[in-house]
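Below is one structure; the comments refer to it alone.
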Amino acid sequence: MSAPGENAAGATTRIPILQAEGITKRFSGLVSVNRVSFEMYENEILGLIGPNGAGKTTLVNMISGTLKPSDGELRFEGQPIDALPPYQRAHLGICRTFQVMKPFPGMSVLENVTVGALFGRGGEKVMAKARRSAREWIDFTGLSHRVDARADSLGGPDRKRLEFAKALAMEPKLLLLDEVMAGLNAVEVEEVIELIKKMRERGVTILVIEHVIKAIRSLSDRVLVLHHGEKIAEGDPAAVLEDPRVVEAYLGRRRQ
Amino acid sequence: MRPLPLAIAAVVVVLLVFVPWLASDVMMQFAIDALLLAVLAQAWNILGGFTGYVSFGNSVFYGLGTYGAAIAMAQFHLPFWVGILLGIVLAVLCALLIGIPILRLRGPYFAIATLGLAAAMGAIVSNLPIAGSNIGLVLPLIRADTMFYELSLGLLVLCTLTVLWVSKSRFGMGLVAIREDEDAAGTMGINTTVFKIVALVLSALFTAVAGSIHAYWISFIDPASAFDPTLNVRMVIMAVFGGPGTVFGPLVGSFILSAIYEYLASSISTAAALLFGIVIVLAVIFMPRGLANMIGGVRARGPRYFLQNIRENRL
Amino acid sequence: MLLAQILTNGVLLGGLYGLMALGMALVWGVLNIVNLAHGAMIMLGGYAVYYLFAGLGVDPFLALPIATLGMFVFGYLLQRFVLNLVVRSAMLNTLLITFGLNVVITYLAQLAFSADFRTINPGYAGSNIAVFGITVPLVNFAAFAIAIVLAGAIWLLLNKMPLGRAIRATSQNLIAARLYGVNPRQLYAVTFGIGAALAGAAGGLYGTIAHLTPYIGASLTAKSFVIAIIGGLSNPFGVILGGIFVGVAESLTALYFGPTYSDVISFGLLVVVLIVRPARALRTA
Amino acid sequence: MRHSMTALGALALLAASTSLASAEDTIKLGASVQLTGPSANTGRYYRDAYQMMVDKINAAGGVKVGDKSYKLQLDILDNQSDVNLSVRQYVQLVSSDKVNFLLGPFASNFALNDSSVAEKYQVPMVQGGGASTEIYTRGYKYIFGTLPPADDYYASTIDMLQKLDPAPKTVALVAADDSFDVSVAKGTRKLLKEAGMTVAIDQAFRDGAGEFASILSQIKSAGVDAILWSGHETDALNFIRQMKSLNVDPKTFYSFTVGVPTADFRSALGGDANYAFGMTSWLPDESLKDKWYGDASQFAKAYSDKYGYQPDYHAASGAADLETFVYAIEKAGSLDPKAVRDAIAKSDFDSLYAHIKYGENGQIVLPQIVVQIQDGKLVPVYTDKILNKPQYPIPAWGKRG
Amino acid sequence: MSETLLRIEKLSAGYGPVPVLFDVDLTVGRGEIVALVGSNGAGKTTLLRAVSRVIKAEGTLEFDGADLLPLPPEAAFMRGLVQVPEGRQLFGKMTVEENLRMGAFRRKDKSGLNESFERVYELFPRLKERRRQLAGNMSGGEQQMCAMGRALMAAPKLLLIDEMSLGLAPVVVDQLLEVLTDIRSQGVTVLLVEQDVFAAFSVADRGYVMETGRVVGEGSIAELQNDPAVREAYLGA
């Protein structure tokens, strides 16, 4: 496992691991993401927030490669990645979870995570070794008691854990977490926050899309706010969340 | 697969090797036929069961295997093994050629396209003089049921071992991931295109060899029997009946269905097909996920398993 | 002149092909069931008209509506009590069950009707007229006209009547339709019934042109299937056009390459359509 | 796994149940024919003819081998029009049901497959359902057939045409693409060439497709004198219906290899069947004498009384297969397959079907009788001479009463 | 509070093994507009789906005195419970008029039907102009109007509206809010699920706040306007 960066938060002067420049996505005329530019730095946690329909998931889809941007450029560790299919991006270390949890429903927890170990950046070729490392990640995420359960029999919190374990088994450099806290209670949200922090300690750079703003506040080094597909704010979480434009984007205009 | 079932399987295979010295000739006929059908179901399983790509076009590979053997032996008087090789080459080439465009289609589109290919291929071959056009080809007659039996058994064992390997290997994990969610599989680092094509090629290969063996055994082939479209449906039914995506499901499924069909055909001849149709209808209603799933389900939930299946799938 | 005649043959035949495919396309588009027993239902329709004609002496074109109605009831019951049990299952399962039904229907038909071939052969069967030197067989023309009329009726039903709107709504968005009071069990049964009725009408017409045996179903299913895909599942006239397209393509193939190539062409077309434009091919109503 | 064991058990059970003890003073004859499935319509001729003959022969005291009399026993299985199943059933008949001799199925492709079983087990098979030349060119020793070679089907017709006035010059040859009809077409092409006729249109069609509009339009546009057609009965039916509806009239003549002699065909077509020429290797004629029924016409009467439909050459050919066995067994004086096989090869006797004498390859040589439907009745027209006056040239569709 | 029309007690629901709602209590009185607010993922849409019987649920669910739980969606609809679903769920390949007619699919009174048409066109003159257009080709605002019009055509007793303002320009939202008050004045009860708190509060009588599958606040609009729970549910502090 790669060593974590020497210092986590605060330092934003290092080389960006991910650069997005003027990323745009149009679906049959409608602009879903409009000329968004941002950078992510090694080992930071960036919160990506915005009301429903702001274009967050579309942006993540373009980074992971399941959607092609209509315009703009993406670079990962300095290399342009626009031409790469999703599986090659995974091999580079870009890894994502899905908003609607997408475990492989008919496979067991262990198998799900093993897929990550086999095909991710680690690309373990030997099944036994892949299984072993999968078990480690299952322990790490606290899912050991459900190792042999079918993924679609898991309840909410365990599903999230599985999603994390799968992602971690891929040994990602950049992890894109799409709404992993939806549907969890306060205690469970705390657990997930701890997990994400533990991951960062292992040197992973993390992009978090989240509606549970409490979590964003306590997790993120920086926050990026999308509204109607455009970037409306970026920076320190506390400051950004006080920004009247952000408040209005969330709560709406106060009416008489 | 734990060691005990594997040991049982090994013992069964060893016992099966000696069947020709015990069984009657009729049994042998039935056994060779059932073994070859099981190979077809098992080969279909590699693609259909593990990747979830439902092929209705495997009769194309079967037909090419059949004609590979027939053309080599009848037109060029080459030995049987050359025929098998020719069949394999034809089938694999065809799989590569059609796999690339067709495996881009998902779900029902893929199924439909393969169905179309199967129909077109029979018509193409029946217009080729080297394949004997419509008249068909006559292969040398040989009375060697023991050889055909052992060959078929060997092929089935090989095919099943391949499936066993697939079920335990990195490759197989990739295939199953594709079946469960192809997009997620892609983002998890699986080169889905290559995996699907390899699965198709493997499936084509075993199917073709089964075709070659059948051709030599039956000694006369024509396009109608080599590219029989109902064969596709039979493979699918057998694999699905037993449990697609499992190692032994397709085997058990095809043996049971072969036995039922044979029993019906020999005892209540005329209504056999009718009863067979009813069996299929009932199976789809009560055990839509195949025997393997049903056994587990009934063990866990008893007869409620069937009701639950209906509740899940009815409107 | 030969070409004009061949094109006419293709168009007339294609209209009937289109009618055969119409019921399949409707059921496929709305219920997402590819009905492999569709050809068997065409066969049943043919026999219904045959027995009304040969047994009771009813003129085939008068017998047609009776057979069509009978097939509607048959289809309705089949969906209501059998297919509704599996309609949410994987597509593979609905394929298998209709395949099983196809076997059952075919063999019951053999028991009931025997394997003898039948033709519906009224006195005027072979009559024809010459138009600008082109021979137009009257029965074929009538079949073609009825196909167009029925396609028009289906179009009217789907676009101008509450029931048809509900059918389209259900095919576009099942949940939204249920939220607005559509009872899917009933609606699916009615839709399948209409599909069966169309198959019945096509079968009656087919029997006046070709022959009937219990076994004609399989090839008619295949043909309907190809046409449904080429014509699309959305517009009844699209399906008829698809039928005409296939009819003409087959006639021209027969003229230029020989009739043995017609399957290569129609199934080849199918694969090409799928690979080039899969989305368009299966767009629903 | 446990379940595959159960399956195996079921199989074993199955094998046991199929072997029946055979009685000692019977000769068992076995056949697997199409009783269900697409070929059932013709398959029944064979079952019915076999059964009729067996009953008649047993009633007359059975078969004498040396001093002993044997009764015949008939084992018929339904192959459901499935070739693979039919092969399996023949193996069952030979190996576990222990039949002494084999009778054939219907159709060339079945005969091609099933005769391999006879050859492998060296049990003589006499079959009256497959005429394709391929059956007899493989050098098999144990297969004999009572349908004349496909190549020669049109020989007598072409012979007749040359004697008619006006003799047709240009011909459209239309044949299905299955093995039997391809053989017919091949032979007919050669015959036509020898007769100096031109093949203006030479088309194959997909067996069972039933769609002839394109071919017919081409024929019409080419304006040929005669149409020689070969295929299966249902296609023949469709061809005539479409001829009429597309107003296609060859100048003088059209003829079909199948259909015309059968009652079904005539009743399905009604008046449209008139004038159609066809051929048959057999007619229920009093001149065909045999020792069981007396003559063919009495056979035909007994047959239609019993089964409710008219026998055609399929039935007669099937009956002749049985007569062959009885003749050969009595001649050989033994039930030994080899001895009986040799006796069959030397057959020389009159049956209700024809004079039976097999060629070197095992196939009978028999001229086709040209027939025509005249006023709804089947009329023999020509063998090597005119038997009845043909209605010739065939009037155009528009000019019929 | 007026007579209770919809009564929800201890309602739990979810998707397969994933629970989303936990013991939700909520009532809607006849003639009220009730707002249900909360951030994305709080479970508001799931609640509506449970109420309109699209997904399974446990607990108490009564509408107009009758138990809804054993009913399928189409039967709930027949009792006058009409939903404008999230994302509008229009029949995209049908025209506006056809969509409206689908709303009245189960109505038998021909005369009332014409009246309803007139009323919908009066409320949304835009729809009248576009009645021959395919619903799928219209702008978001027009689609929302069409969805609401379709629901009104069903002559609802209770209208469930899910995320009415989602993705719409503020002007359009204001327009729709006006229509809501209009509808209420004609005796229709409304349960309005909204992310846009202030939009919802501007028309509602009472409100509920949801967070992570639970109701965390309720009261009159005046009370909720200054309740910190609202802001916390959205912005975490």
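Every chain is numbered from 1 and lettered A, B, ... according to where its sequence line falls, protein lines coming before strand lines. Hydrogens, waters and symmetry mates are skipped; everything else that's a heavy atom, side chains included, is used.
Counting heavy atoms from C-beta outward, B:Thr114 and B:Tyr53 have side chains that stay 4.5 Å or more apart.
Both the sub-6.0 Å distance and the 45° axial angle are satisfied by A:Lys166 relative to the ring of A:Phe104.
For a residue to count as touching a neighbouring chain, one of its non-hydrogen atoms must lie under 4.5 Å from one of that chain's; by this rule A:Met127 touches chain B with the side chain only. Residue A:Gln88 does not touch chain B at all, counting heavy-atom pairs closer than 4.5 Å.
Interface check for chain A: of the options B:Ala184, B:Ala177, B:Gly245, B:Ala185, the most heavy-atom pairs under 4.5 Å are formed by B:Ala177. Of the residues considered (B:Met188, B:Met173, B:Arg170), B:Arg170 shows the highest number of contacts with chain A, using heavy-atom pairs under 4.5 Å. Between chain B and the options A:Pro105, A:Ala90, A:Ser64, heavy-atom pairs under 4.5 Å are most frequent for A:Pro105. Ranked by heavy-atom pairs shorter than 4.5 Å toward chain A, the options B:Thr192, B:Asp181, B:Asp183 are led by B:Asp181. Contacts with chain B were tallied for A:Glu111, A:Met170, A:Arg89, A:Glu124; A:Met170 has the most, counting heavy-atom pairs under 4.5 Å.
Between A:Phe164 and A:Trp137, the distance from one ring center to the other does not fall under 6.0 angstrom.
Under the side-chain contact (heavy atoms from CB on, under 4.5 Å) rule, A:Leu207 has a single partner from A:Leu224, A:Leu175, A:Val60, A:Ile94, which is A:Val60.
Between the side chains of A:Ser144 and A:Asp139, at least one donor N or O lies within less than 3.5 Å of an accepting N or O.
Between B:Trp165 and B:Phe171, the ring-plane angle classifies as parallel under the 30° and 60° cut-offs.
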